[in-house]
Number of protein chains: 2
Amino acid sequence: MDARPASARQKIAIYRAEGGQDGLANCPIRAVVQNIFDKWSSLLLMALAEQPYRFGALRRLVPDISQRMLTQTLRDLERHGLVARPADHRYHLTELGRSLLDPIGALVRWAEEHTDELLDAQSVAR
Amino acid sequence: MDARPASARQKIAIYRAEGGQDGLANCPIRAVVQNIFDKWSSLLLMALAEQPYRFGALRRLVPDISQRMLTQTLRDLERHGLVARPADHRYHLTELGRSLLDPIGALVRWAEEHTDELLDAQSVAR
DNA sequence: CTGTATCCCCTATGATACTG
DNA sequence: CAGTATCATAGGGGATACAG
């Protein structure tokens with residue numbers, strides 16, 4: 001099903017080649033992936049994909065986030081240039097943030113397509 | 001175990017369609033994304049994308065992972081059905097695991113393409 | 001070599017209270 | 001409403017020792 005151009009594999013090969021004995025220790029992707037896919041970031045990005053939201057609206061969209069973490073995550077996203085907060089406090093995605101929606105969408109689609117398999121695997125292993 | 005309701009898929013559909021009454025609190029994607037993109041999982045998946053590796057080889061590939069976390073992460077990946085560990089201890093991706101390489105690849109490509117912007121944003125914000 | 005079992009620190013996160 | 005400040009805590013994760 002996927003005879004695709006081995007993108008991920010290539011990248012890994014590159015990291016390995018450039019990084020030498022460091023293996024994947026210095027792979028620059030790590031920081032990116034781990035910063036963006038922390039507990040709340042991707043969720044907020046998805047929420048803001050739809051439209052700009054204010055602080056309170058985001059809280060309602062993600063009811064189980066604490067005020068503290070909402071603030072903190074939004075600051076992180078701002079710092080990474082993915083989200084902007086204008087004077088009217090309507091958080092919205094930047095151009096960079098919107099560009100992330102495609103990869104995120106790919107992940108979401110994957111999760112949708114394989115939800116059953118994932119659940120099956122877990123229930124078996126448990 | 002047993003036939004869990006197809007509600008997983010439906011929740012996704014709901015979440016995607018409307019944004020939901022309960023917001024994104026019950027979005028099943030969250031579990032998937034957060035389970036797979038924890039500190040080490042995606043890294044190991046990328047490593048195993050190339051070829052099967054044994055425990056020691058993986059340690060060398062990811063030098064800054066502790067033995068404890070390597071074991072634990074591999075067990076998690078097994079439990080999710082993404083990685084298999086045959087008798088010869090050569091960990092390898094399952095079909096499901098391989099199917100994840102595409103979305104991960106999309107993310108990696110994004111990170112590569114936007115590394116400069118990300119760094120700029122951070123340095124400015126700092 | 002491939003793990004498991006302990007101990008323990010420390011960070012991420014929640015809860016709560018306060019501020020502009 | 002949109003935060004900030006402070007305190008408390010569970011759990012992530014490293015270090016180490018041990019086991020098959």
Side-chain angles (χ1 to χ4, degrees), chain A residues 21-27 30-45 47-48 51-80 82-93 122 125-126, chain B residues 22-27 30-48 51-80 82-93 122 125-126:
Chain A
Q21 305 88 347
D22 280 353
L24 297 174
N26 296 320
C27 170
R30 286 176 59 169
V32 171
V33 168
Q34 287 168 17
N35 276 325
I36 290 170
F37 285 90
D38 69 1
K39 188 170 181 183
W40 302 110
S41 298
S42 57
L43 204 61
L44 292 181
L45 288 173
L48 291 173
Q51 57 165 310
Y53 281 111
R54 301 187 47 145
F55 193 87
L58 284 172
R59 278 193 84 177
R60 264 169 268 123
L61 271 179
V62 188
D64 53 346
I65 195 174
S66 67
Q67 198 172 32
R68 175 192 155 94
M69 289 316 295
L70 180 52
T71 300
Q72 184 174 308
T73 306
L74 286 170
R75 293 293 170 278
D76 284 348
L77 292 172
E78 278 187 83
R79 191 163 40 84
H80 288 94
L82 301 172
V83 163
R85 171 188 51 161
D88 65 358
H89 292 247
R90 297 184 65 84
Y91 292 92
H92 63 268
L93 298 183
Q122 290 185 49
R126 262 289 170 195
Chain B
D22 49 353
L24 298 172
N26 296 320
C27 170
R30 285 176 59 170
V32 171
V33 170
Q34 287 167 18
N35 277 326
I36 290 171
F37 287 90
D38 68 1
K39 188 169 180 182
W40 302 111
S41 299
S42 55
L43 205 60
L44 292 180
L45 288 173
M46 290 193 288
L48 291 173
Q51 59 164 290
Y53 282 111
R54 302 189 47 149
F55 194 86
L58 284 173
R59 278 192 85 178
R60 264 169 269 123
L61 272 179
V62 188
D64 53 346
I65 194 173
S66 67
Q67 198 171 32
R68 174 192 153 92
M69 289 316 295
L70 179 52
T71 301
Q72 184 174 306
T73 305
L74 285 170
R75 292 293 169 279
D76 284 347
L77 292 172
E78 277 186 84
R79 190 162 42 82
H80 288 92
L82 301 173
V83 163
R85 171 188 51 162
D88 65 356
H89 292 250
R90 296 184 66 84
Y91 292 93
H92 62 270
L93 298 184
Q122 287 185 51
R126 268 259 169 217

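By convention in this document, chain letters (A, B, ...) are assigned in the order of the sequence lines, proteins followed by strands, and residues within each chain are numbered from 1. Every value quoted in this text rests on a predicted model; they were computed, and no experiment measured them.
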- Task: Could you tell me whether the phosphate oxygens of C:dT11, OP1 or OP2, come under 4.0 Å of any side-chain nitrogen or oxygen in A:K39?
- Result: no
- Item | Atom-to-atom span, CG of A:D38 to P of C:dT13 - whole angstrom | 6 Å
- Message: For B:S41, give me all partners under side chain to side chain donor-acceptor pair (under 3.5 Å), at least two apart in sequence or on another chain.
- Response: B:D38
- Separation of D:dG14 C1' from B:I65 CD1 (nearest whole Å): 11 Å
- Got a sec, which residues hit side chain to side chain donor-acceptor pair (under 3.5 Å) with A:Y91, two or more places apart in sequence or on another chain? A:R75
Any N/O pairs under 3.5 Å between the protein and nucleotides 16-20 of chain D? List them or say none.
none

- Task: Using the test salt bridge (Lys or Arg N to Asp or Glu O under 4.0 Å), find all partners of B:R68 that sit at least two apart in sequence or belong to another chain.
- Result: none
- Terminal axis angle for the helix from C:dC1-D:dG20 to C:dG20-D:dC1, five pairs an end, nearest 10 degrees: 40°
- Query: Between B:D64 (CG) and D:dA15 (P), how many Å, whole number?
  - Reply: 10 Å
- Query: Has A:Y53 got a side-chain N or O lying under 4.0 Å from the OP1 or OP2 atom of D:dA2?
  - Reply: no
- Counting heavy atoms from C-beta on, name the nucleotide in D:dG3, D:dC1, C:dG14 closest to the side chain of A:W40. C:dG14
- Task: Kindly say if A:H89 contacts the phosphate of D:dC1, meaning a side-chain N or O under 4.0 Å from OP1 or OP2.
- Result: no
- Side-chain contact, heavy-atom cut-off 4.5 Å: A:V62 with A:L70? no
- Query: Between B:L58 (CG) and C:dC1 (C1'), how many Å, whole number?
  - Reply: 13 Å
- Task: Could you tell me which residues satisfy ring pair (Phe, Tyr, Trp, His ring centres under 6.0 Å) with B:F37, sequence neighbours excluded, listed by chain and number?
- Result: A:F37
- Message: Taking side chain to side chain donor-acceptor pair (under 3.5 Å) as the definition, give me every residue that meets it alongside A:T73, ordered by chain and number, with sequence neighbours left out.
- Response: none
- Contact check, side chains of B:L93 and B:V83, non-hydrogen atoms, under 4.5 Å: yes
- Whole-Å distance separating the CG atom of B:L43 from the C1' atom of D:dG13: 16 Å
- Task: Report the residues that fulfil salt bridge (Lys or Arg N to Asp or Glu O under 4.0 Å) with B:R85, sequence neighbours left out, ordered by chain and then residue number.
- Result: B:E78
- Message: Suppose we screen for side chain to side chain donor-acceptor pair (under 3.5 Å). Which residues come up paired with B:R59, at least two apart in sequence or across chains?
- Response: none
- Compare side-chain N and O positions of B:R75 against OP1 and OP2 of C:dG3 and report whether any pair is under 4.0 Å apart. yes
- Note on the structure: B:D88 CG to C:dC1 P, in whole Å, measures 16 Å
- Item | d(CE, B:M69; C1', C:dG3) in whole Å | 15 Å
- What integer distance in Å separates B:Q72:CD from D:dG13:P? 8 Å
- Pick base, sugar-phosphate or nothing for A:R85, based on heavy-atom distances below 4.0 Å to the nucleic acid. sugar-phosphate
